[in-house]
Amino acid sequence: MPSTLITGIGSLVTNDPAQGTGPLGLLTDAAVVVDGGTIAWVGPAAEAPAADERFDAAGRALLPGFVDSHAHLVFAGDRTAEFNARMSGQSYTAGGIRTTVAATRAASDAELDANLARFVREALRQGTTSIECKSGYGLTVPDEARALRIASSYTPETTYLGAHVVAPEYADDPAGYVDLVTGEMLDACAPYARWVDVFCENGAFDGDQARAILTAGVERGLTPRVHANQLSYGPGVQLAVELGAASADHCTHLTDEDVAALAGSATVATLLPGAEFSTRAAYPDARRLLDAGAVVALSTDCNPGSSFTSSMAFCIAVAVREMGMTPDEAVWAATAGGAHALRRTDVGTVAVGARADLQLLEAPSHVHLAYRPGVPLTAAVWRAGVREV
Ligand SMILES: [Zn+2]
């Protein structure tokens, strides 16, 4: 693969404070050299070395590709009617997941694969170069295993979410379902998964059940992440911190103790404003978490029920407008923050040796991601050095 010099970068977000100003490590009049799929050089355009090929950014902004650390993309079916009803006055409960479960079970492998491919491509066109993908719409041993097998051909960030809700067959025997999730289903899924997740919520799994599920996953070599404190206060965040989870996701209803626990831990608070937007719910208080010192990530939660967006730019705009984040904080959270939530050091940054995952904006500054909501600003995308968009 020939090396490429990307020069004429009006504003470059590196997320490396050693390379530029502020937490974003901002550089102006910058250049980047991409070679062999990784970043080979970063610095002032005037000092850039030669490369085989040259791309002129013409003064536009370049930043790391988005790292979307929370998505549910292996599914079939459509929930337009449910959304329409909710926007006409009904409230969101965890039970709607079962609608997608029925459609997903009925779908062929090829149909699920094609759906996932379409969503990954849709996200890529909007600047997302890393994406996490959960199971959780099968809820049987073969259906959960095939979801993860299909997902693992698109991303290394695969998450076993057999504990999304109790499978309908076990409605009267939730303990029996937890036994399945921690036993035979885990055995079938672990080979295709990096992470284990649980929806710790009223109507899904309580603290004791969540602990059993996450602990069983850890014993099989998976690392925990938790759907925590989304719809109500609860034990999810404390459990995530106690078990050393990579992230506690949603964090919409937090006590002072929950905030302190996150701030004092390596567990990232992953905020998913698409869910609150799409359910007309109150947003999480990002400012409170940031001021306490917690690491915050932004992600789409892309799923057909409660947040059917793959747009990280949309999440940035909402986080800035509604959640007290500055544009710099929101852009960091959608790139480096997501990398932290996935415990990745090779993405979410523009530094020598990092994977060459880059997005060029049709704008002079990353601030336009919040300043111009809803406008498709992605001008070019490179993933592992390959121009994809
Ligand atoms: Zn989710």
Side-chain angles (χ1 to χ4, degrees), residues 67-75 79 82-83 86 92-101 104 116 119-120 123 128 130-139 144 147-148 151 155 157-166 181 193-205 210 213-214 217 222-232 234 236-237 239-240 245-253 267-279 281 283-284 296-312 314-315 318-319 333-334 337-338 341-342:
V67 180
D68 188 349
S69 61
H70 184 139
H72 307 248
L73 301 173
V74 186
F75 68 90
R79 284 161 71 183
E82 178 190 318
F83 177 78
R86 194 165 64 235
Y92 174 67
T93 63
I97 292 166
R98 294 188 186 94
T99 309
T100 301
V101 169
T104 304
L116 176 55
F119 290 126
V120 169
T128 298
S130 295
I131 195 160
E132 185 258 16
C133 189
K134 302 175 194 298
S135 69
Y137 293 122
L139 310 185
E144 285 296 296
L148 287 161
T155 177
E157 306 301 342
T158 52
T159 300
Y160 169 47
L161 183 59
H164 201 181
V165 289
V166 173
V181 167
R194 180 176 181 208
W195 310 97
V196 59
D197 195 348
V198 57
F199 189 10
C200 185
E201 186 62 63
N202 296 327
F205 298 90
I213 291 158
L214 296 171
L222 308 183
T223 304
R225 41 201 326 111
V226 184
H227 280 72
N229 303 53
Q230 176 187 2
L231 304 175
S232 58
V237 162
L239 185 63
S247 82
D249 297 52
H250 286 289
C251 295
T252 310
H253 295 85
T267 300
V268 173
T270 300
L271 308 183
L272 309 164
E276 283 80 24
F277 179 91
S278 302
T279 57
Y283 291 100
V296 171
L298 283 171
S299 181
T300 62
D301 194 17
C302 187
N303 79 84
S306 59
S307 182
F308 202 11
T309 182
S310 54
S311 172
M312 291 291 281
F314 168 77
C315 295
V318 174
L342 294 173

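Counting starts at 1 for both ligands and their atoms, following the listed order.
- In the model, H250 has no side-chain atom that pairs as donor or acceptor with a side-chain atom of N229 under 3.5 Å.
- The CG atom of L231 sits 8.0 Å away from atom CG of N202, with the distance rounded to the nearest 0.5 Å.
- Side-chain contact check for S69 and E157: no donor-acceptor pair (N or O, by modelled atom type) lies under 3.5 Å.
- Using a 4.5 Å heavy-atom threshold, the side chains of E132 and R194 count as separate.
- To the nearest 0.5 Å, atom OG1 of residue T300 and atom CG of residue D68 are 3.5 Å apart.
- Within 6.0 Å of CZ in F277 there are 12 or fewer heavy atoms belonging to other residues, nucleotides or ligands.
- If you count the protein N, O or S atoms nearer to the Zn ion (ligand 1) than 2.8 Å, you get 4.
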